[in-house]
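Just follow the structure's listing: the first ligand is 1, and inside any ligand the first atom is 1. Residue numbers count from 1 along this sequence.
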Amino acid sequence: MDADMTDQSNSEIKTGPAGLAGVSTEPGAKKPDPILVADNITRTFGGLTAVDVEHVEIQRGAITALIGPNGAGKTTFFNLLTGFDQPNTGSWSLEGKSLKGVAPYKVARLGMVRTFQLTKVLAKLTVIENMRLGATGQKGERFWAAPFKFLWGAQEQSVTEKADDLLARFLLDKKREDFAGSLSGGQRKLLEMARALMVDPELVMLDEPMAGVNPALKQSLLGHVKSLRDEGRTVLFVEHDMDMVRDISDWVIVMAQGKIVAEGTPAAVMADQRVIDAYLGAHHDTDLSELDEERLEAEVEAEIAQEEDSK
Ligand SMILES: Nc1ncnc2c1ncn2[C@@H]1O[C@H](COP(=O)(O)OP(=O)(O)O)[C@@H](O)[C@H]1O
Ligand SMILES: [Mg+2]
């Protein structure tokens, strides 16, 4: 992707920000240039319908936020799209290619990659080892735990060069030989993002990239997410931090009880009665701005507690 990145991003600037001007705010709205399209995706756990998405399109080259109250089905939907979980019904495609039944590491090689958290196994590897594993796409925990030296061999040098370039870009080059488990919360998020880029994905999916990140690192993370779009990639992210959603999203999709209930620009969505209702249904007697305040209070309290601890 690196060589033709600039051409690609230039051609994206068509009809306003990321080509989304004039798109309907109805759930399932058609996009001018969708990279991902999903239909009739359902996933039940026992009697509970966790995901029930009739139709959704993700615009190429845009940053789309997926928001919704806790338990809305956002993470389950991510897992289904990336092959980590199988739906009861539905079909979906990336660049017109069906992803039904495709294993996660193959989905990653086809251009759609999700970040995933540093597991206990990955924490025991060094930062550079984590990056090299990223080049293989994503396999299960058992795979990660297995000896992996055979994986690169002849390709080792180009993989290592790519890894080192990304570590420099994400300001992790000084941590190259450290165990991933020794990184701070924010540095882990950077490593997760850097590792995802090892497969040069067209579509990057981030599940709560700001969770556990201190305010100082948030700005830097925001910049990194924007830079993904600037180089022509598509970003889909789940986030509770409304400031981040407002700051960087071109488009917001709102889920509640497994369904998409609204879509739109950040401003339109945050003023949408259907969205306010969705959050009201989940948190009694609160609204979006109060939720924001609650979150801020919790953050401040956490910071104070941290300072007290360090005294
Ligand atoms: N593996 C599972 N087994 C049973 N229930 C699950 C499982 N994963 C998710 N759920 C349920 O599905 C619903 C959606 O969960 P999730 O996708 O994690 O929501 P979100 O990410 O929006 O908070 C929740 O009610 C959750 O309890
Ligand atoms: Mg979740």
Side-chain angles (χ1 to χ4, degrees), residues 27-28 36 38-56 58 63-90 92 99 101 103-104 107 112-119 138 140-142 185 188-189 192-193 196 203-213 218 221 225 235-245 248-249 251-264 266 269-270 272 274-284 286-288 291-292 294-295 298-299:
L36 179 79
D39 283 290
N40 300 312
I41 308 277
T42 62
R43 174 64 163 117
T44 57
F45 294 111
L48 173 91
T49 301
V51 170
D52 183 6
V53 171
E54 249 176 60
H55 183 78
V56 72
I58 303 300
I63 299 180
T64 299
L66 182 62
I67 68 167
N70 269 334
K74 306 178 295 293
T75 295
T76 304
F77 192 48
F78 261 36
N79 289 342
L80 295 171
L81 293 176
T82 48
F84 284 93
D85 187 17
Q86 277 69 52
N88 297 79
T89 67
W92 66 108
L99 292 182
V107 172
M112 178 160 76
V113 72
R114 66 163 295 177
T115 56
F116 57 110
Q117 286 175 348
L118 205 62
T119 61
Q138 299 167 342
E141 181 104 353
R142 274 175 57 229
R188 284 172 188 222
K189 293 290 175 189
E192 287 164 15
M193 224 185 274
L203 172 53
V204 186
M205 298 178 46
L206 312 166
D207 196 352
E208 303 200 26
M210 292 295 175
V213 174
K218 272 188 187 171
L221 265 172
V225 177
V235 179
L236 179 62
F237 75 108
V238 170
E239 187 53 60
H240 286 296
D241 185 330
M242 288 297 174
D243 292 333
M244 177 181 182
V245 170
I248 67 167
S249 335
W251 197 254
V252 182
I253 295 177
V254 188
M255 272 182 91
Q257 297 176 330
K259 294 177 190 291
I260 294 176
V261 295
E263 299 195 18
V269 150
M270 283 171 201
D272 191 319
R274 294 171 298 189
V275 179
I276 294 162
D277 290 346
Y279 277 87
L280 277 173
H283 306 263
H284 293 287
T286 53
D287 63 22
L288 275 178
L291 287 178
D292 253 8
E294 273 177 28
R295 182 183 52 70
E299 268 179 20

Starting from [atom], which protein heavy atom do you reach first, and at what distance in Å?
{"atom": "atom 19 (O) of ligand 1", "result": "Gly73 N, 3.1 Å"}
{"atom": "atom 12 (O) of ligand 1", "result": "Ala50 CB, 3.3 Å"}
{"atom": "atom 16 (P) of ligand 1", "result": "Thr76 OG1, 3.6 Å"}
{"atom": "atom 18 (O) of ligand 1", "result": "Thr75 CB, 3.9 Å"}
{"atom": "atom 26 (C) of ligand 1", "result": "Leu48 CD2, 4.4 Å"}
{"atom": "atom 14 (C) of ligand 1", "result": "Gly71 O, 3.4 Å"}

| query | Is there side-chain contact between Thr64 and Glu263, with at least one heavy-atom pair below 4.5 Å? | reply | no
| request: Measure the CE-CG distance between Met112 and Leu99 for me, rounded to the nearest 0.5 Å. | output: 5.0 Å
| Rounded to the nearest 0.5 Å, how far apart are CZ of Arg114 and CG of Leu81? | 10.0 Å
| said: Out of all atoms in ligand 1, which are within 4.0 Å of some heavy atom of Asn70? Include the element for each. | reply: 23 (O)
| message | Could you go through Asp243 and Lys218, starting from their C-alpha distance and side-chain angles, then the distance that decides it, and tell me whether this counts as salt bridge (Lys or Arg N to Asp or Glu O under 4.0 Å)? | response | CA-CA 11 Å; Asp243 292 333; Lys218 272 188 187 171; over 6 Å; no
| field | Backbone or side-chain N or O of Ala72 under 3.5 Å from ligand 1 N or O | value | yes
| request: Return a yes/no value for Phe45: is any of its N or O atoms, backbone included, closer than 3.5 angstrom to an N or O of ligand 1? | output: no
| Is it true that the side chains of Asn40 and Thr89 contain a donor and an acceptor less than 3.5 Å apart? | no
| field | More than 12 heavy atoms from other groups under 6.0 Å of CD on Gln257 | value | no
| request: Determine yes or no for a side-chain-to-main-chain donor-acceptor pair under 3.5 angstrom, with Glu239 supplying the side chain and Ala65 the backbone. | output: no
| field | Short N/O/S contact of Asn70 with the Mg ion (ligand 2) (below 2.8 Å) | value | no
| query | Which one holds for Val238 and ligand 1: side chain close, backbone close, both close, or neither close, with close meaning a heavy atom under 4.0 Å? | reply | neither
| task | Take Ile253 and Ile58 through the side chain to side chain contact (heavy atoms under 4.5 Å, CB included) test and state the conclusion after the steps. | result | CA-CA 9 Å; Ile253 295 177; Ile58 303 300; 3.7 Å; yes
